[in-house]
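Because only heavy atoms are used, hydrogens play no part in the values below, and waters and symmetry mates are left out as well, while side chains stay in. Proteins come first, then strands; the chains are lettered A, B, ... in the order of their sequence lines, and each starts at number 1.
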2 protein chains.
Amino acid sequence: MHLFWEHGYEATSLAMLREAMGLTPPQIYNAFTDKETLFRRALTRYHETEIGFALDALSAPVSTREAIRLLLLGAAEAYSRPGKPGGCLFVSGALAASPQAQAIADELKSYRKASEAAIAERLAKGRAVGDLPEGFSVESFAKYIAGVMNGMSIQARDGASVEELRIMAQTALAALPPEEQKRGA
Amino acid sequence: MHLFWEHGYEATSLAMLREAMGLTPPQIYNAFTDKETLFRRALTRYHETEIGFALDALSAPVSTREAIRLLLLGAAEAYSRPGKPGGCLFVSGALAASPQAQAIADELKSYRKASEAAIAERLAKGRAVGDLPEGFSVESFAKYIAGVMNGMSIQARDGASVEELRIMAQTALAALPPEEQKRGA
DNA sequence: CAGGTTTCGTATCGATCACTATGGATAATT
DNA sequence: AATTATCCATAGTGATCGATACGAAACCTG
């Protein structure tokens, strides 16, 4: 997973994987069928072990603004963990790919789209309970937040520290409309 | 340039380049020495022909806020030009790379760092003339703006339209502190 | 302890990578 | 017009890619 995270799908050779896992080629193929399946397993593992912060933030019983804040700060931390490759595997894994690896690139794109959709869902919920103003576009803002997270991923890859990413998250948060008073309260 | 832009440095094979340029391998090597040099030429050409908007925006005789607005809107347009690959070559070219191509990845990283530095320079100029409040951190905000542009590049690659990117740009701009009255005026 | 089976690592597969040597066609010179 | 020189595409170089055939070693059974 770390190799794919660091070098991307195509640039990670079986020789590197073999050495890292201490397995012989037949053992790898016996366990994972082929390189593509192994990568998908790595994606699943990454999803389960590295980015729980996202689901946590979006499902936390807090205001919409606070949920987005938790999401961005969680990303700042997750994208700059010591001993781990910088950024997000879903971004670094195959942003550009050869025609042969188009399926992999599309899969990663669908992960990113799913993240954006999850953000949009949380924003829609927020608008439903009056956390957000009337004219607020859920889709547009979700695209902004998802885009900022993608940008943080690249900044992390370029060496940004967790503090720098947190500041970027806080800055991005300033674009959110101010918390509204609930009319009923 | 388009091939590198679309598929990245390593995933673009000489066979693809040969077909696209209508040249034989020796002609390519006679003209460009090797693949790495050809890629660097493509980077230079990209810089000259595709992202003039950035220098234009940062050197325009307008307020700092307006300059950043022009920068982000220019990116929205440049990252989604019809008939061109989505996003920015400096991001897509080699976000992740094999150990052999580390030099290329580093070169692209330095391009991104240079962009961020250019933004920081413009912000510093803005603060010097009183466009920005006292406590404003030039470096942090430059990292935010550069990060947002990188994020726009990925959103563009994921199929975002120019309108969607413009909205993202406008949203990002809301994080900028409001234009200050010049004390002397 | 012998025989049969299964497991597993080495050595290699064909394909493709970036890259180049060489033979043939063309052009220039005597 | 004959000969030499120059160019240039084809064909192939070693290396590495993902993936596997095969022989040796180990193990369980009788």
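The distance between atom CE of B:Met21 and atom P of C:dA18, rounded to the nearest whole Å, is 12 Å. We find that CD of B:Gln100 is positioned 9 Å from C1' of D:dT16, with the value rounded to whole Å. The separation between B:Gln27 atom CD and C:dC19 atom C1' is 15 Å, rounded to whole Å. Distance, B:Leu17 CG to C:dC17 P: 11 Å, rounded to whole Å. Per the geometry, CD1 belonging to B:Ile28 stands 14 Å off C1' belonging to C:dC17, to the nearest Å. The distance between atom NZ of A:Lys35 and atom P of D:dT20, rounded to the nearest whole Å, is 14 Å. Atom CZ in B:Phe32 sits roughly 16 Å away from atom C1' in C:dC19 (whole-Å rounding). Between the CG atom of B:Asn30 and the P atom of C:dC19 there is a distance of 14 Å, rounded to whole Å.
Contacts of A:Thr12 with the nucleic acid, taken as non-hydrogen atoms under 4.0 Å apart, involve only primed sugar atoms and P, OP1 or OP2.
With DNA chain D read from its 5' end, the first of the two nearest nucleotides for A:Pro26 and A:Ala15 is the one closest to A:Ala15.
Taking 4.0 Å as the cut-off between side-chain N and carboxylate O, A:Arg112 and A:Glu116 do not count as a salt-bridged pair. For B:Glu50 and B:Arg81, the salt-bridge test passes: some basic side-chain N is under 4.0 Å from an acidic carboxylate O.
For C:dC8, neither phosphate oxygen OP1 nor OP2 lies less than 4.0 angstrom from any side-chain nitrogen or oxygen of A:Thr24.
Here the side chain of B:Tyr29 is nearest to one of C:dA21, C:dA18, D:dC17, namely C:dA18.
Between B:Phe4 and B:Tyr46, the ring centre distance reaches or exceeds 6.0 Å.
Figure legend: cation-pi geometry between A:Lys109 and A:Phe90 absent, as NZ or CZ is not positioned both under 6.0 Å from the six-membered ring centre and within 45° of its axis.
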